[in-house]
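Comments concern the structure below.
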There are 2 protein chains.
Amino acid sequence: MKMTIKEIAKLAGVSQATVSKIINNYDDVGAKTKERVLGIMEEHGYRPSYAAQSLVKKVTKVVGVIYAGKINANFNHPFFVDVMSMFKKTMGAEGYDLLFFSNEKFHKNNENYLARCQHYNVDGCIIIGGDEVEPSVYELDQSEIPCIGIDLPLSGKHSGYIMTDNAKISALAVEHFYLLGERNIAFIGGKKTSNISTERLHGFKEVMKTYGLPVKEDWIKHGDFFEESGFIAMNELLEQEECPEAVFAASDLMAMGAVRAIKESGRKIEDFAVIGCDDITASRYIDPPLTTVKQDKDKIGKMAAYVLKDMINNQIEQTSVRVEPELIIRESCSEKKRQLR
Amino acid sequence: MKMTIKEIAKLAGVSQATVSKIINNYDDVGAKTKERVLGIMEEHGYRPSYAAQSLVKKVTKVVGVIYAGKINANFNHPFFVDVMSMFKKTMGAEGYDLLFFSNEKFHKNNENYLARCQHYNVDGCIIIGGDEVEPSVYELDQSEIPCIGIDLPLSGKHSGYIMTDNAKISALAVEHFYLLGERNIAFIGGKKTSNISTERLHGFKEVMKTYGLPVKEDWIKHGDFFEESGFIAMNELLEQEECPEAVFAASDLMAMGAVRAIKESGRKIEDFAVIGCDDITASRYIDPPLTTVKQDKDKIGKMAAYVLKDMINNQIEQTSVRVEPELIIRESCSEKKRQLR
DNA sequence: GAAACAATATAAAACGGTTTCGTTCATATG
DNA sequence: CATATGAACGAAACCGTTTTATATTGTTTC
């Protein structure tokens with residue numbers, strides 16, 4: 001059923017070498033021979049074996065995808081889904097397939113990322129931001145394998161990263177609050193150990209200072225970028241004696257959780273101003289439509305693909321790209337809403 | 001840097017064969033030898049090459065993932081994202097990694113799915129429902145390669161599929177409408193050529209008949225399961241002289257589009273009853289929270305993994321699973337809402 | 001008609017593993 | 001002591017390709 005190059009060669013009455021050369025577009029093959037062999041290959045639906053090819057060539061046309069951090073985390077986070085969608089599309093256009101490593105296997109065999117990449121001999125890989133910097137990520141980062149991080153600052157010679165300008169994200173949010181007269185502003189970030197969370201928090205504190213607003217440590221909470229954690233964080237804020245009326249959540253999902261907490265506590269959502277981050281698809285449909293700092297997910301995915309491809313083909317070194325965020329004003333925090341209060 | 005089995009063997013002073021046997025857990029290797037070799041492997045971070053292994057073994061521990069239909073379609077549809085998330089997790093626990101085929105490559109080289117699977121020698125594959133049955137899918141379906149379809153009825157000897165009971169989905173929706181007194185019910189389905197769309201439409205017509213309700217062809221629209229198509233379909237419905245007040249959309253995303261169309265047309269959303277399908281995460285957060293027929297995405301993903309695994313390991317034949325849907329009542333169509341009218 | 005040159009084709013070694021079948025050696029058996 | 005037994009290991013063939021070096025043609029050229 002499944003043909004090998006040997007059988008094709010026999011059928012065509014030529015040597016393996018000739019068939020192989022046809023597959024690989026060598027130019028020392030006669031036109032009519034080529035024609036005939038091509039016909040036979042087509043007829044029998046022959047495809048060269050990936051294993052055999054990648055064993056001898058050193059190229060696989062496969063890139064690995066690693067969701068760092070908690071088991072399976074981020075695979076279904078809307079932000080990463082959108083980024084990966086564009087990444088997949090762009091890499092696909094260049095002829096690359098994507099190998100998603102299962103984290104479960106890692107944990108069971110106590111394996112590391114580098115070993116997996118070597119095992120599959122991937123041309124490169126993309127690492128989707130984990131909560132913290134695992135030793136295993138560092139090892140891969142420092143290796144010869146080109147890799148690029150999403151929301152994860154890699155520093156190796158053959159690495160790079162793409163992420164939004166995190167300080168600016170916070171700046172846009174706080175500035176918007178400030179202009180609308182909000183003064184009691186809380187911050188819900190991701191895990192303390194996560195890099196982007198740190199950058200956003202730092203940016204938040206900086207710009208608060210710039211506007212002369214006080215940063216209350218009690219008003220700084222940490223979640224995990226998913227909805228439930230925003231809900232929990234907001235509940236903690238609501239329980240405090242002095243409760244903030246403005247909340248900047250470092251992800252739309254957490255912002256949605258915060259909104260839910262406010263509603264379920266019996267308070268009126270109109271009395272709060274909420275800004276999220278990411279601009280996931282859902283955010284314009286929820287109630288109230290969410291004001292958010294948009295991350296350009298398409299651009300991030302595309303840039304990741306371009307940079308990775310460049311690293312693979314041209315041994316480009318250490319490239320990192322910062323993408324500009326953009327404020328999207330909707331009703332959860334807007335001028336119109338302010339006037340209602 | 002990257003070690004081969006030969007080098008490990010030399011370092012340990014044993015033959016390749018012995019090292020290989022240790023890797024593959026043969027029992028004719030002495031305990032102390034094993035210990036020593038294992039130590040050396042560990043020390044040098046040695047991992048056997050996937051290519052070399054899969055060349056000789058016939059097993060790869062990799063399963064292919066195919067998004068059938070339009071380029072890249074469904075990769076970021078929330079329903080499939082959730083299903084795949086659980087599928088990935090479950091397969092991962094069994095030691096499988098997932099290879100996502102790029103559709104772009106398909107189209108460029110005019111390749112077929114079967115050829116790709118053979119090229120990579122995947123142990124099996126999962127096909128995520130396309131809009132229509134492509135010849136390429138049929139070919140794979142009929143092949144020796146175990147594959148299972150999500151929302152795609154495969155019929156080959158080595159194939160199976162998992163999907164929700166589509167007729168029942170429609171039945172639950174219409175029944176709910178009926179009990180709330182709705183009589184003018186429209187249907188927004190997926191592509192006419194898509195199987196699940198056909199099943200849901202058929203179920204819809206059947207149950208409408210059962211309740212003695214008229215089925216107006218003008219009130220049957222077709223989208224593509226994404227938001228925009230629901231928006232367009234609803235606008236078409238609104239333009240009609242006789243406009244339905246109840247709409248069942250075959251996906252939450254289309255339902256969201258329908259809601260948006262109603263709002264943007266200047267009508268009051270309270271005057272309409274909308275039911276979606278899937279119960280994606282966003283549906284409980286939107287305005288109004290969406291009444292929907294829930295599909296058990298976790299179960300679908302899990303079952304897909306179990307069945308596929310079974311097919312790979314035990315040559316089980318043709319297994320298909322129908323999963324029960326469940327009505328989730330929220331405010332877009334509820335008793336409370338009815339009383340407001 | 002011989003020499004030189006292209007243009008095509010092939011043989012064979014690699015790539016990094018697995019697995020079958022022997023071989024070796026120590027121990028148990030009668 | 002001769003033999004059977006079994007544990008531990010190794011030689012070599014094989015998996016399906018690519019690629020280098022070499023061989024075989026057929027044409028020119030002088």
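Proteins come first, then strands; the chains are lettered A, B, ... in the order of their sequence lines, and each starts at number 1.
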Rounded to the nearest 0.5 Å, how far apart are CG of Asn121(B) and OG1 of Thr60(B)? 5.5 Å
Could you check whether Lys21(B) gets within reach of a base, just the sugar-phosphate, or nothing at all, counting any heavy atom under 4.0 Å? base
With a cut-off of less than 4.0 Å, is there a side-chain N or O of Thr33(B) near OP1 or OP2 of dC9(D)? yes
Taking donor-acceptor contacts at under 3.5 Å, does the side chain of Lys2(B) reach the base of dG16(C)? no
Over how many whole Å does the gap from Glu7(B) atom CD to dG17(C) atom C1' extend? 13 Å
Rounded to the nearest 0.5 Å, what separates atom NZ in Lys34(A) from atom NZ in Lys21(A)? 12.5 Å
Nucleotide of dC9(D), dG16(C), dA9(C) approaching Ala52(B) most closely (side-chain heavy atoms): dG16(C)
Identify whether any heavy atom of Val14(A) sits under 4.0 Å from a base atom; if not, whether one sits that close to sugar-phosphate; answer base, sugar-phosphate or nothing. sugar-phosphate
Taking the nucleotide of DNA chain C with the closest heavy atom to each, which residue, Asp28(B) or Val56(B), is nearer the 5' end? Val56(B)
Look at Ser49(A) and dG16(D) and indicate whether a side-chain polar atom (N or O) is within less than 4.0 Å of OP1 or OP2. no
Does OP1 or OP2 of dG16(C) have a side-chain N or O of Gln16(B) closer than 4.0 Å? no
What does Tyr50(B) touch in the nucleic acid at a heavy-atom separation under 4.0 angstrom: a base, only the sugar-phosphate, or nothing? nothing
When the distance from NZ of Lys57(B) to C1' of dT20(C) is rounded to whole Å, what number comes out? 16 Å
Could you tell me the separation between the CD1 atom of Ile5(B) and the P atom of dC15(D), rounded to a whole number of Å? 18 Å
May I have the distance from Lys6(B) (atom NZ) to dC15(C) (atom P), rounded to whole angstrom? 6 Å
Using a cut-off of strictly less than 4.0 Å, decide whether Ser15(A) has a side-chain nitrogen or oxygen near OP1 or OP2 of dT10(C). yes
Nearest-angstrom distance from the residue atom OH of Tyr120(A) to P of dG16(C): 18 Å
Atom-pair distance (CD1 on Ile23(B); P on dT19(C)), nearest Å: 11 Å
Rounded to the nearest 0.5 Å, the CZ atom of Arg116(A) sits from the SG atom of Cys125(A) at a distance of 12.0 Å
Separation of His119(B) atom NE2 from dG16(D) atom P, in whole Å? 15 Å
Is any side-chain nitrogen or oxygen of Thr18(B) closer than 4.0 Å to OP1 or OP2 of dC9(D)? no
Would you please classify the geometry between the Tyr50(A) ring and the Tyr120(B) ring as parallel, tilted or perpendicular, with 30° and 60° separating the classes? tilted
Measuring from Asp141(B):CG to Ile127(B):CD1, what's the distance to the nearest 0.5 Å? 7.0 Å
Earlier contact from the 5' end, DNA chain D, for Thr4(A) and Ala31(B): Ala31(B)
Measure the distance from CG on Asp27(A) to P on dA9(C) and round it to the nearest whole Å. 12 Å
